[in-house]
Amino acid sequence: MMFVSFVLGALAVASLVSPVACVDPAVNLTSSLYIGQPLLSGITQWLGMRYAAPPVGELRFQPPSDPPFVASPQPATQHGKICLGTGDSPNSTLSSEDCLFLDVYAPSNATANSNLPVFVFIQGGGFSNNAEPNLNGTGLIMASDRSIIVVTFNYRVGPYGFLTDGGSDQIPANNGLRDQRKALEWVQNNIGQFGGDPGHVVLGGVSAGAASISLHMVAYGGRDESLFHAVAAESVSFPMLLKDYETKYQYENLAIRLGCAGETESDTIGCLRGKSAVEIQEQNFNIPYPGGANPPLYMWGPVIDHDMLNDFMYAAFEKGKFVRVRAAIFGDDTNGGSVFVPPGVSSLGQCSQFIKDQYPYVSLEQLWKLNQMYHSPDADQQGNCTSAVKTGCGGWRRQLSNLYGEMRYMCPSIFVIESLMRYKVDATYAYRWNVEDRDQMDDGLGVPHTSELSALFGPDNIPSGFGIEVPKSYFPDGTNAQAVAAIQGYWTSFIRSYDPNRFYHHKGGRGPANWHLLDYIGYPYQRMVFDTGGTTCMEEIDRGLSKRCEYLREVGIHQ
Ligand SMILES: *[C@@H]1O[C@H](CO)[C@@H](O)[C@H](O)[C@H]1NC(C)=O
Ligand SMILES: *[C@@H]1O[C@H](CO)[C@@H](O)[C@H](O)[C@H]1NC(C)=O
Ligand SMILES: *[C@@H]1O[C@H](CO)[C@@H](O)[C@H](O)[C@H]1NC(C)=O
Ligand SMILES: *[C@@H]1O[C@H](CO)[C@@H](O)[C@H](O)[C@H]1NC(C)=O
Ligand SMILES: *[C@@H]1O[C@H](CO)[C@@H](O)[C@H](O)[C@H]1NC(C)=O
């Protein structure tokens with residue numbers, strides 16, 4: 001590690017004479033020397049380090065490559081820009097095509113010999129946006145008594161990360177997932193210099209980030225490349241996976257909209273690479289799936305390319321083709337579907353259309369059965385669905401919210417848990433986040449998708465300006481402040497020891513419930529419920545839910 005006294009003056013001198021050797025804010029990586037920033041809290045942050053080359057020009061639509069070497073020391077005091085998202089304004093100043101940056105937070109008293117556990121967190125955004133960027137790792141590190149390291153990063157999304165040319169391999173599929181693996185390789189090669197243990201990496205993620213965890217578990221047929229050793233997946237989903245040839249319409253439509261239809265495929269791709277990012281952004285919106293009537297919520301995403309991904313998620317987990325991690329947490333929020341369902345849904349037809357638009361391969365018989373299973377008694381009554389306040393709306397919205405929530409989120413997470421148990425990943429823990437926030441309840445959202453995220457990082461550590469709504473009741477003086485302590489207590493214990501109970505301690509408040517290991521002796525098995533006010537207890541997965549999930553797994557519409 002190099003000593004940069006001209007930049008850090010007094011601080012660096014202090015670390016030289018101090019009897020405790022601390023991690024130097026200046027870390028000399030192969031790509032460059034980065035100078036981080038020690039904070040008053042005893043944590044040092046390094047922001048905006050490149051883990052891959054700018055994916056622009058000839059590198060657009062290519063797998064990530066190594067960052068270029070930069071000889072002069074670089075201050076690591078500002079986040080990098082986030083990746084261009086589908087539907088983002090072409091002129092946004094927050095995002096850029098040059099976006100493959102990573103942030104590290106480490107206790108300042110760590111040394112290159114500390115071997116601290118590392119938590120690498122993958123943000124969500126439906127593979128179409130970087131929806132939870134720049135999360136501040138200091139809350140989790142404080143909750144761990146300064147004994148872990150936190151890494152967050154951006155990855156390509158939308159066409160930049162997930163365009164394919166329909167299988168003819170000039171544009172490799174799944175580049176956004178390849179970015180994520182590149183970040184994990186960066187951690188393997190570099191985290192030791194920050195005080196981290198590359199042999200103890202816990203992979204975290206929310207929503208599409210949690211889907212990414214599942215995808216990395218099954219990638220390359222479940223090959224274990226030792227990039228991560230345990231996983232903690234929040235608000236898991238199984239994305240709808242198209243096969244590479246099924247995505248050709250996306251490529252053709254984008255090329256057409258950009259005026260890039262060429263005489264040969266190379267001409268077309270050359271034209272696409274020649275467009276400015278602003279020109280691409282102007283055409284970066286979703287179109288309906290073939291067979292759908294309206295654009296789906298998320299169109300761009302991982303595809304089965306018979307390289308990285310060989311199978312649908314249900315099939316891969318069923319066959320046991322996944323990385324046998326040391327330990328796992330999987331869980332979801334009670335009302336995972338509520339934020340996605342259009343408030344105006346007021347008929348059975350609209351419910352079915354919404355599902356068909358997201359899952360174009362669903363059949364009429366399957367829709368019939370799904371509507372039977374999720375039928376809610378008040379669905380037939382006419383509700384007030386034009387009201388901005390969604391609670392005023394009738395039961396069709398609830399029915400669709402329950403169906404979509406379980407189809408996309410709850411049942412995939414339950415299926416992964418069951419597969420892990422079946423294949424003897426014994427340290428598997430399941431949870432349900434059921435912390436009711438008054439405003440979210442008043443908005444008719446129940447306990448919505450990803451609400452545990454603000455609690456996990458701590459409400460003060462969610463950046464503003466990116467549209468993440470932090471429930472008011474999670475803040476230190478709020479009614480759910482204890483729920484924050486609870487999730488941070490269990491997660492930091494898990495990150496440190498692969499066991500959520502071992503180092504758990506509450507800073508005040510009620511003692512924790514023991515989070516039982518799952519024991520696969522058939523149903524019912526138990527999961528941890530994080531409840532309103534911060535209480536925790538174990539509950540059984542009810543038979544109704546497991547039966548519905550069983551049907552959804554059998555159907556497994558391209559998931
Ligand atoms: C960083 O390390 C490289 C080789 O590992 C070395 O050549 C270079 O001089 C170092 N840079 C500084 C500023 O110490
Ligand atoms: C973006 O900026 C360009 C010029 O810089 C302008 O022509 C265009 O209208 C802007 N687009 C939007 C959506 O603001
Ligand atoms: C750093 O300081 C914290 C809090 O004072 C302590 O708990 C921890 O053990 C220290 N870590 C190292 C690596 O010295
Ligand atoms: C993270 O939080 C700490 C403590 O509030 C603050 O000092 C630091 O600047 C924050 N870092 C970022 C990147 O926002
Ligand atoms: C629906 O709700 C809106 C807003 O609260 C209200 O203005 C309207 O009168 C209501 N319509 C019906 C039919 O109740």
Side-chain angles (χ1 to χ4, degrees), residues 1-8 11-12 15 18-49 66-82 94 101-118 121 123 132-154 189-197 200 454 456-466 468 470 475-476 484 488 492-493 495-497 503 505 507:
M1 259 171 267
M2 227 252 347
F3 187 69
V4 196
S5 54
F6 60 91
V7 182
L8 289 159
L11 271 169
S15 81
S18 156
V20 184
C22 288
V23 72
D24 196 321
V27 289
N28 188 9
L29 311 180
T30 40
S31 60
S32 191
L33 187 140
Y34 283 106
I35 302 148
Q37 178 189 11
L39 306 171
L40 290 174
S41 50
I43 289 166
T44 303
Q45 66 189 17
W46 292 263
L47 309 177
M49 292 181 286
D66 288 334
F69 175 74
V70 179
S72 55
Q74 302 190 70
T77 48
Q78 282 192 337
H79 296 292
K81 293 209 171 171
I82 67 170
L94 300 172
F101 297 100
L102 166 153
D103 299 339
V104 172
Y105 300 82
S108 306
N109 66 352
T111 72
N113 300 321
S114 293
N115 278 326
L116 296 178
V118 183
F121 189 83
Q123 62 181 310
E132 294 98 5
N134 304 350
L135 297 168
N136 191 330
T138 65
L140 273 170
I141 296 179
M142 295 306 279
S144 77
D145 292 329
R146 298 196 190 88
S147 63
I148 62 169
I149 288 182
V150 174
V151 181
T152 61
F153 64 95
N154 301 330
N189 295 331
N190 296 297
I191 207 66
Q193 291 212 47
F194 299 82
D197 178 0
H200 187 135
S454 310
L456 177 58
F457 278 82
D460 293 316
N461 295 302
I462 310 296
S464 57
F466 296 97
I468 308 172
V470 181
F475 282 94
V484 175
Q488 289 190 331
T492 53
S493 174
I495 293 163
R496 293 169 73 179
S497 65
F503 290 108
H505 60 83
K507 303 223 165 72

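Numbering of ligands and ligand atoms starts at 1, following listing order. Keep in mind it's a predicted model, so treat the numbers as computed, not measured.
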- Query: Judged by modelled atom types alone, do His79 and Asp103 share a side-chain donor-acceptor pair under 3.5 Å?
  - Reply: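 Per modelled atom types, His79 and Asp103 side chains form a pair under 3.5 Å.
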
- Message: With no hydrogens and no angle check, just 3.5 Å: does a side-chain donor-acceptor pair link Arg496 and Ser144?
- Response: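 Distance-only check fails for Arg496 and Ser144.
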
- Query: Any idea which atoms of ligand 1 are less than 4.0 Å away from a heavy-atom of Asn28?
  - Reply: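 The atoms of ligand 1 under 4.0 Å from a heavy atom of Asn28 are 1 (C), 2 (O), 3 (C), 8 (C), 10 (C), 11 (N), 12 (C), 14 (O).
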
- Query: Which part of Leu47 is near ligand 4, with near meaning a heavy atom under 4.0 Å away: side chain, backbone, both or neither?
  - Reply: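 Only the side chain of Leu47 comes within reach of ligand 4.
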
- Only one of Thr138, Leu135, Leu456 clears side-chain contact (heavy atoms from CB on, under 4.5 Å) with Asn461; which?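 Single pass found, and it is Thr138.
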
- Message: Looking only at distances, can you tell me whether any N or O atom of Gln45, backbone or side chain, sits closer than 3.5 Å to an N or O atom of ligand 4?
- Response: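 Such a contact does occur with ligand 4.
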
- State whether the shortest distance between N or O atoms of Asn136 and N or O atoms of ligand 4 falls below 3.5 angstrom.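 Yes, since at least one N or O of Asn136 sits under 3.5 Å from an N or O of ligand 4.
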
- Task: With heavy atoms of Arg146 as the reference, note each atom of ligand 3 found under 4.0 Å away.
- Result: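 In order of numbering, the contacting atoms are 4 (C), 5 (O).
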
- Determine, considering heavy atoms only, which of Val23, Asn109, Ile43 sits nearest to atom 13 (C) of ligand 3.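 Heavy atom nearest to atom 13 (C) of ligand 3 belongs to Asn109.
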
- Task: Please check if the side chain of Ser454 supplies one atom and the backbone of Val470 the other of a donor-acceptor pair under 3.5 Å.
- Result: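 Side chain of Ser454 to backbone of Val470: no pair is present.
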
- Relative to the heavy atoms of Tyr105, which atoms of ligand 4 are at a distance of less than 4.0 Å?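 Near Tyr105, meaning under 4.0 Å from one of its heavy atoms, ligand 4 has 13 (C).
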
- Decide if the gap between the ring center of Phe121 and the ring center of Phe457 is smaller than 6.0 angstrom.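 Here the rings of Phe457 and Phe121 have centres that are less than 6.0 Å from each other.
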
- Do Thr44 and Pro107 come within less than 4.5 Å of each other through their side chains, counting heavy atoms only?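 Of all side-chain heavy-atom pairs linking Pro107 with Thr44, none is under 4.5 Å.
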
- Item | Side-chain heavy-atom pair Asn154, Lys81 within 4.5 angstrom cut-off |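 Asn154 does not reach Lys81 side chain to side chain.
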
- Query: Can a protein heavy atom be found under 4.0 Å away from atom 5 (O) of ligand 4?
  - Reply: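 For atom 5 (O) of ligand 4 the answer is no, since every protein heavy atom stays at 4.0 Å or beyond.
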
- Query: Any non-hydrogen atom of His79 lying under 4.0 Å from ligand 4?
  - Reply: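 True for this residue.
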
